[in-house]
Protein chains: 2
Amino acid sequence: MKKNSRLSAVLHALLHMAERHAPMTSDELAACLSTNPVVVRRTMAGLREAGLVSSGRGHGGGWTISRDLSTITMRDVYSALGEPMLFQIGHAEEMPGCLVEQAVNHALDDAMRDAEALLVARLGEVTLDIIAADFITRAKARKLTLSTDTT
Amino acid sequence: MKKNSRLSAVLHALLHMAERHAPMTSDELAACLSTNPVVVRRTMAGLREAGLVSSGRGHGGGWTISRDLSTITMRDVYSALGEPMLFQIGHAEEMPGCLVEQAVNHALDDAMRDAEALLVARLGEVTLDIIAADFITRAKARKLTLSTDTT
DNA sequence: TCGAATCGTAACAATAATAGTTACATGAAA
DNA sequence: TTTCATGTAACTATTATTGTTACGATTCGA
């Protein structure tokens, strides 16, 4: 199966929206994300329901971020997407009759539960303004490289 | 995408093989795992290369576990499978030119790296004899339930 | 009021990863 | 030498994600 890249995509979109202080259309965001405007609408729908963004139709419409970047964590965004499954690995059978398989599932679940909790906690520690600050650092570094690069 | 259930499946297989002190054929294992003997061979091939099991052809052939359950961790088995990707979520683009996307990828990678390390460490803490002991506990509990259950 | 811009959404196609199946070759034991 | 069993390649089936097409609904501005 393909990997789920929705979290990555909407984080990218939110940061572009925050940079620009006017609504961005689905077409514009699709160009940023190298995807399709329908995919943008479909994915952003969850964020709208969660109150992270608002959308407007017609002339001058588009997507606007509703909250300050410092008040949104990656976990908020993950939740707004409906908390998709994080792990690629899973059980062969969910409710096995075989007691051996039950014991295996239980051992795997224990390990995965801890890892999932840690990941979600980490997502909750990162607000989007932190990522925006990292972007600015990278932009400065690139400028510096361009102006001193002799290749 | 379908979930990867190979780790679950081979753990299940290894425990059945350990219970039985004779080689088990791919057909027998396939019946235990509700799958196909070719899938069993394909998946077990990695464990054979890692030295966890051996296989024999012809009459009396089949699969035998090579090491004591107490010397094999879930992590060993995971490694023998080629350390498949653990996460369902990922980046939209691996090497983006967009600095915003680079910053997003970096933030996600940080969180996922920690979670992956924890999961792999947890897998390394569980030896297969621990799972076998849990199986025995479950078997006793089921017997007890059967003998006292009045429904 | 009309028309262009824009989102909302359903339905369908494309892509990719896993798992299952068929077919046949290889090797070992009775 | 026949039967049992693995080894493996090639193909199919299944499933989740992503992309596309089509059309309806709403909003703004001329």
Side-chain angles (χ1 to χ4, degrees), chain A residues 1-10 12-13 17 22-49 53-66 81-94, chain B residues 1-10 12-13 17 20 22-49 53-66 78 81-94:
Chain A
M1 163 185 27
K2 278 182 186 172
K3 278 198 177 176
N4 181 332
S5 60
R6 276 169 275 192
L7 179 56
S8 163
V10 294
H12 187 182
M17 288 161 59
M24 282 186 80
T25 66
S26 302
D27 277 338
E28 289 168 333
L29 286 171
C32 285
L33 308 188
S34 306
T35 181
N36 186 295
V38 178
V39 174
V40 170
R41 291 188 200 114
R42 190 195 286 157
T43 312
M44 298 286 285
L47 305 209
R48 181 182 51 227
E49 283 159 28
V53 301
S54 60
S55 62
R57 304 209 239 201
H59 274 281
W63 299 90
T64 315
I65 195 163
S66 306
L81 290 174
E83 307 193 348
M85 292 303 305
L86 293 174
F87 290 105
Q88 176 93 4
I89 64 176
H91 305 325
E93 206 178 342
E94 281 313 316
Chain B
M1 158 185 31
K2 276 181 187 171
K3 277 198 177 176
N4 180 332
S5 60
R6 275 169 275 193
L7 179 55
S8 163
V10 294
H12 188 182
M17 288 161 60
R20 164 106 64 104
M24 283 186 80
T25 66
S26 302
D27 277 334
E28 289 169 333
L29 286 171
C32 285
L33 308 188
S34 307
T35 181
N36 187 294
V38 178
V39 173
V40 170
R41 291 187 199 114
R42 191 193 287 158
T43 312
M44 298 286 286
L47 305 207
R48 182 182 50 229
E49 284 159 26
V53 301
S54 61
S55 63
R57 304 211 240 201
H59 273 281
W63 299 90
T64 316
I65 195 163
S66 305
Y78 168 66
L81 291 175
E83 306 192 349
M85 291 304 306
L86 293 174
F87 291 105
Q88 176 94 1
I89 64 175
H91 303 326
E93 205 179 341
E94 281 314 316

Distance in angstrom units between A/Met85 CE and C/dT18 P, rounded: 15 Å
From CG of A/Leu29 across to P of C/dT6 the rounded distance in Å is 12 Å
Partners of A/Ser54 by side-chain contact (heavy atoms from CB on, under 4.5 Å), sequence neighbours excluded? A/Thr64, A/Ser66
Testing D/dT6, C/dA19, C/dC7 for proximity to the side chain of B/Arg6, the answer is C/dA19
Sequence-distant partners of B/Arg20, salt bridge (Lys or Arg N to Asp or Glu O under 4.0 Å), two or more places apart: B/Glu28
Establish, with yes or no, whether the OP1 or OP2 oxygen of D/dA5 is under 4.0 angstrom from a side-chain nitrogen or oxygen of B/Ser26. no
Value in whole Å for how far the C1' atom of C/dT18 lies from CZ of A/Phe87: 19 Å
Rounded to whole angstroms, how far apart are CG on B/Leu86 and P on C/dT18? 12 Å
A/Gly62 or A/Lys3: which one's nearest nucleotide on DNA chain C is closer to the 5' end? A/Gly62
Rounded interatomic separation in angstrom, taking CE from B/Met44 and P from D/dA5: 16 Å
In a check of side-chain contact (heavy atoms from CB on, under 4.5 Å) between B/Met24 and each of B/Ile65, B/Val40, B/Leu29, B/Val53, which one passes? B/Leu29
Mind calculating the distance between CG (B/Leu81) and C1' (C/dT18) to the nearest angstrom? 13 Å
Using only side-chain N and O atoms of A/Ser55, determine if any of them is under 4.0 Å from OP1 or OP2 of C/dT6. no
Distance below 4.0 Å between A/Arg48 side-chain N/O and C/dG8 OP1 or OP2: yes
Could you encode protein contacts along nucleotides 21-30 of chain C as a string, one character per nucleotide from 5' to 3', using B for base contact, S for sugar-phosphate-only contact and - for no contact, with a heavy-atom cut-off of under 4.0 Å? BB---BBBB-
Hey, which of these two, A/Ala45 or B/Lys2, hits DNA chain C nearer its 5' end, going by closest nucleotide? A/Ala45
Minimum heavy-atom separation for B/Pro23 and B/Gly60, please, with both atom names. CG-O, 3.8 Å
Could you go through residues 84-93 of chain B and list every donor-acceptor pair under 3.5 Å that involves a side-chain atom there, pairing it with any protein atom two or more places apart or in another chain?
residue, atom, partner, partner atom, Å
B/His91, ND1, B/Asn105, OD1, 3.2
B/His91, NE2, B/Asp109, OD1, 2.8
B/His91, NE2, B/Asp109, OD2, 3.2

Which pairs pass side chain to side chain donor-acceptor pair (under 3.5 Å) with one or both residues in residues 32-48 of chain A, sequence neighbours excluded? A/Ser26-A/Arg41, A/Arg48-A/Ser55
Go nucleotide by nucleotide along DNA chain D from the 5' end; which of B/Gln88 and B/Glu49 gets its closest nucleotide reached first? B/Glu49
Report the residues that fulfil side-chain contact (heavy atoms from CB on, under 4.5 Å) with A/Glu83, sequence neighbours left out, ordered by chain and then residue number. A/Tyr78, A/Ser79
Given atom CG of A/Asn4 and atom P of D/dG19, what is their separation to the nearest angstrom? 11 Å
Check this one for me: any side-chain N or O of A/Ser5 less than 4.0 Å away from OP1 or OP2 of D/dT18? yes
Just how far, in rounded Å, is C1' of C/dA4 from CG of A/Asp27? 14 Å
